[in-house]
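Let me begin by presenting the structure, written as structure tokens, before commenting on it.
Here the structure is a predicted model, which means the values were calculated and not measured. Chain letters run A, B, ... following the sequence lines, proteins first, then strands; residues in each count from 1. Computation of the quantities below employed the complete heavy-atom set of this structure, encompassing side-chain atoms and omitting hydrogens, waters and symmetry-equivalent molecules.
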Amino acid sequence: MHNLKELRKNLEHFKKKFEERNVDFDIIDFKKKDTLNRDLINKKEKLEQEKKYLSKSKDKSNFEKSKKISQEISNLEEKQTLCQSEIDRIIFSLPNLAHDDVPVGKDEKFNKLIKKKGDIKKFSFKTKSHVELGAKNQNIDFETSIKLSGSRFVVLKGKFAMLERALINFMLDTHINYFKYTEISPPLIVNEEVMFGTGQLPKFKDDQFEIKFDNSDQKKYLIPTAEVVLTNLVRKTIIEKNLLPKRFVASTPCFRKEAGSYGKDTKGMIRQHQFYKVELVSITEPNKCLEELERMLGCAESILEKLDIPYQVVLLSSGDMGFSAEKTYDIEAWIPSENKFREISSCSSCGSFQARRMGAKYKSEIGTDFVGTLNGSGLAVGRLMIALLENNQNEDGSINIPNVLKKYMNNLEKI
RNA sequence: GGAAGAGUGGGUGAGCGGUUUAAACCAGUUGGUUGCUAACUAACCGUACGAGUAACAUCGUACCGAGAGUUCGAAUCUCUCCUCUUCCGCCA
């Protein structure tokens, strides 16, 4: 969310920046509503002032007049509330502004390749996809998951289930012990305000799973990513500057409707309604966001390096970034069966965009101001598993377990 | 799920229809005095929105868990909801 005063002052600039993100911002309409709104507020406040004065006088002859004013106030209030909600509807759905070093462009074609790491292995045999590799002994069992839950779910069995758990524990341990993130075990169901805070609501309602609670019209949602809970840990707080940065890590299931992706990645575990993800979140001073973003990217990269999986890092263009981000790096891992790199992590700086929505501030000598927030996958477990299975396969369909994972896999050499 | 009680500024906590402009205390900030690991003292000390300013300053309005209602007037009365505490029940 943007500072309304800033927006008001630099309408043209904002409009241009929104265009970079494929969002049309109607200046004339906004100006009209904003002017009307302020006019209504002014009128209302004048009447309130008068009413206050009359009621203090305790003069009976004024009671009738005071009543009339009350009536007028509630009329104005109704109009103003309506006007306000129209303005809110607009500004709640405006995305963050792309940072200056973000390439401008309407879609992923304008993303910028930053680096490539690791050697893509040349196999002497015909490689299998993770679906084929998992079909053996039904280790990756889509038949059963369809019976249980429908499409875009999966049942993992035996050593494959263990491998998922091993990857989670390996990543958590790395981020906790080596990069000094604080481990969090958060709720997976959150309320509406929390979803608003990180920007999932109101604009992306259709992507979320809403939970129905009995005897309550209060809405709850399954988290689409731990970013939502971890970032909102500082919601409505004022943090002492010397306690920043705060760094949180959690492994949670993530739930997504994947609306609008019908027919996309229908085979295998690439795109699921439910998947595990290890998520990193940093709360910093706003002017240290970009510095922290580089650090976070490094933390996420280190996982792939330790597992020896080839990957590339891409700087997203203005049109390809998520709603709350000002700058985003995607890490893409090599997937042999598709003969291409696939997104396995997304690390974003959100500046103070989310903090403003959450009411998260910090206190320094100068005063209080909104914090900066960052989030990044470190990494998406399902996709990491795909990458690991496919990159480490042998001709007989077995999978070599990388050294760093062995202690999490009962010291197995392969599965 | 049942019963009872409670939600007031960063914290403690008064007020229970109109000089409350939300007391007082603690914490915090800034200055002063004495002094030496502190004490005393004065002022300041919330958030949002609006007006105002180059930016401060300043001014206005609202905010006592949330929302609605009663009233000329609501922190105070009524209703609904939320949260917390205690007890009982159920449960991993």
Side-chain angles (χ1 to χ4, degrees), chain A residues 1-11 13 30-92 94 185-197 201-202 210-221 229 232-244 246 253 283 352-371:
Chain A
M1 195 162 72
H2 297 286
N3 183 338
L4 194 58
K5 283 183 181 172
E6 292 290 315
L7 181 64
R8 214 176 261 149
K9 252 191 264 174
N10 307 297
L11 283 170
H13 172 72
F30 173 80
K31 231 175 177 168
K32 201 176 87 188
K33 287 180 171 128
D34 186 49
T35 310
L36 174 63
N37 191 37
R38 284 191 284 168
D39 187 46
L40 289 169
I41 289 171
N42 262 320
K43 280 184 181 149
K44 190 182 80 167
E45 288 187 351
K46 284 222 174 71
L47 287 175
E48 276 168 342
Q49 200 169 359
E50 197 180 342
K51 175 179 154 182
K52 207 173 179 178
Y53 173 77
L54 288 179
S55 121
K56 249 185 203 145
S57 72
K58 289 194 236 173
D59 181 349
K60 278 201 175 101
S61 65
N62 280 330
F63 284 3
E64 201 51 36
K65 193 176 173 193
S66 176
K67 196 171 186 174
K68 233 176 223 163
I69 290 173
S70 287
Q71 190 61 46
E72 273 178 71
I73 288 173
S74 74
N75 275 343
L76 280 171
E77 205 164 40
E78 201 178 318
K79 279 185 203 157
Q80 193 265 323
T81 308
L82 200 74
C83 189
Q84 184 72 56
S85 70
E86 281 178 40
I87 291 168
D88 287 348
R89 196 169 46 83
I90 295 170
I91 62 169
F92 289 169
L94 290 173
S185 174
L188 307 179
I189 295 175
V190 296
N191 62 34
E192 227 176 339
E193 292 77 50
V194 166
M195 291 287 273
F196 175 83
L201 295 179
E210 194 179 320
I211 302 281
K212 210 176 159 189
F213 270 51
D214 291 337
N215 300 323
S216 170
D217 41 28
Q218 213 192 14
K219 289 173 183 163
K220 312 263 190 201
Y221 296 86
V229 250
N232 274 282
L233 287 177
V234 297
R235 175 187 155 70
K236 290 200 170 162
T237 57
I238 298 172
I239 304 164
E240 292 295 334
K241 184 183 159 189
N242 59 12
L243 297 175
L244 295 176
K246 282 178 181 282
I283 312 296
S352 56
F353 185 84
Q354 293 179 322
R356 202 167 265 121
R357 293 171 87 96
M358 293 190 299
K361 299 186 164 182
Y362 77 105
K363 196 157 108 185
S364 67
E365 313 78 43
I366 313 158
T368 64
D369 197 5
F370 293 104
V371 296

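A:E48 places its CD atom 11 Å from the C1' atom of B:G50, with the value rounded to the nearest Å. Atom pair A:K5:NZ and B:U53:P shows a separation of 12 Å (rounding to whole Å applied). When rounded to the nearest whole Å, the span between CD of A:E72 and P of B:U61 equals 17 Å. To the nearest angstrom, C1' of B:G50 lies 14 Å from CG of A:N3. Between the OH atom of A:Y53 and the P atom of B:U21 there is a distance of 15 Å, rounded to whole Å. Atom CG of A:L54 and atom P of B:U61 are 13 Å apart (whole Å). Distance CD1 (A:I69) to P (B:U71): 17 Å, rounded to an integer number of Å. Between A:K68 atom NZ and B:U71 atom P the separation is 17 Å, expressed in whole Å.
In this structure, A:R38 CZ and A:I87 CD1 are separated by 9.0 Å, a value rounded to the nearest 0.5 Å.
Along RNA chain B, the nucleotide closest to A:K9 and the one closest to A:Q49 are compared, and the more 5′ of them pairs with A:K9.
With a 6.0 Å radius and a threshold of 12 heavy atoms from other residues, nucleotides or ligands, A:K220 has its NZ atom above the threshold. Within 6.0 Å of the NZ atom in A:K33, the count of heavy atoms belonging to other residues, nucleotides or ligands exceeds 12.
Listed by chain and residue number, A:K205 satisfy the side-chain hydrogen bond (donor to acceptor under 3.5 Å, both in side chains) test with A:E210 (two or more places apart in sequence, or in another chain). Annotation: salt bridge (charged side-chain N to carboxylate O under 4.0 Å, His left out) contacts of A:R89 (sequence neighbours excluded): none. Checked against side-chain hydrogen bond (donor to acceptor under 3.5 Å, both in side chains), A:D369 has no partners two or more places apart in sequence or in another chain. Under the rule for a side-chain hydrogen bond (donor to acceptor under 3.5 Å, both in side chains), A:N3 has no partner lying at least two apart in sequence or in another chain. Qualifying side-chain hydrogen bond (donor to acceptor under 3.5 Å, both in side chains) partners for A:K31, counting only residues two or more places apart in sequence or in other chains: none. Looking at residues two or more places apart in sequence or on another chain, you find no salt bridge (charged side-chain N to carboxylate O under 4.0 Å, His left out) involving A:K67. Evaluation of the salt bridge (charged side-chain N to carboxylate O under 4.0 Å, His left out) rule for A:E78 yields no partner, not counting sequence neighbours. Every residue two or more places apart in sequence or in another chain was checked for a salt bridge (charged side-chain N to carboxylate O under 4.0 Å, His left out) with A:K246, and none qualifies.
Taking 4.5 Å as the limit, every side-chain heavy atom of A:V194 sits out of range of all side-chain heavy atoms of A:Y221. With contacts defined as side-chain heavy-atom distances shorter than 4.5 Å, the pair A:E48/A:E45 qualifies. Side-chain contact check for A:K361 versus A:I239: every heavy-atom pair is 4.5 Å or farther apart.
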Show each protein N/O and nucleotides 8-10 of chain B N/O combination with a separation under 3.5 Å, one pair to a line.
none

Quick one: which protein N/O atoms are closer than 3.5 Å to N/O atoms of nucleotides 46-49 of chain B? Pair and distance per line, please.
residue : atom : partner : partner atom : Å
B:A48   : OP1  : A:K361  : NZ           : 3.0

Heteroatom pairs (N/O) under 3.5 angstrom, protein to nucleotides 73-75 of chain B:
residue : atom : partner : partner atom : Å
B:G73   : OP1  : A:S70   : OG           : 3.1

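At a threshold of 4.0 angstrom between heavy atoms, the contacts of A:K65 with the nucleic acid are absent.
Annotation: B:G10 and B:C45 have their P atoms spaced 14 Å apart (nearest Å). For the C1' atoms, the distance linking B:C63 with B:A75 amounts to 11 Å, nearest Å. Atom P of B:G65 sits at a distance of 32 Å from the matching atom of B:C56, rounded to the whole Å. Atom name P, nucleotides B:G35 and B:C25: the rounded distance is 27 Å, in whole Å. Distance noted for atom P between B:A14 and B:A24: 15 Å (whole Å). Distance noted for atom C1' between B:G46 and B:C82: 23 Å (whole Å). Using P as the reference atom, B:A68 and B:G73 are 16 Å apart when rounded to the nearest Å. To the nearest whole angstrom, the two P atoms, one in B:U61 and one in B:A43, are 25 Å apart.
Salt-bridge formation is detected for the pair A:E50/A:K65: a Lys NZ or Arg NE/NH1/NH2 atom is positioned less than 4.0 Å from an Asp or Glu carboxylate oxygen.
Residue A:K46 places no side-chain N or O under 4.0 Å from the OP1 or OP2 atom of B:G50.
With a cut-off of 3.5 Å on both pairing distances, the Watson-Crick and G-U wobble pairs of RNA chain B assemble into stems of 3 or more at B:1-7 with B:82-88, B:10-12 with B:24-26, B:28-34 with B:38-44, B:46-51 with B:58-63, B:65-69 with B:77-81.
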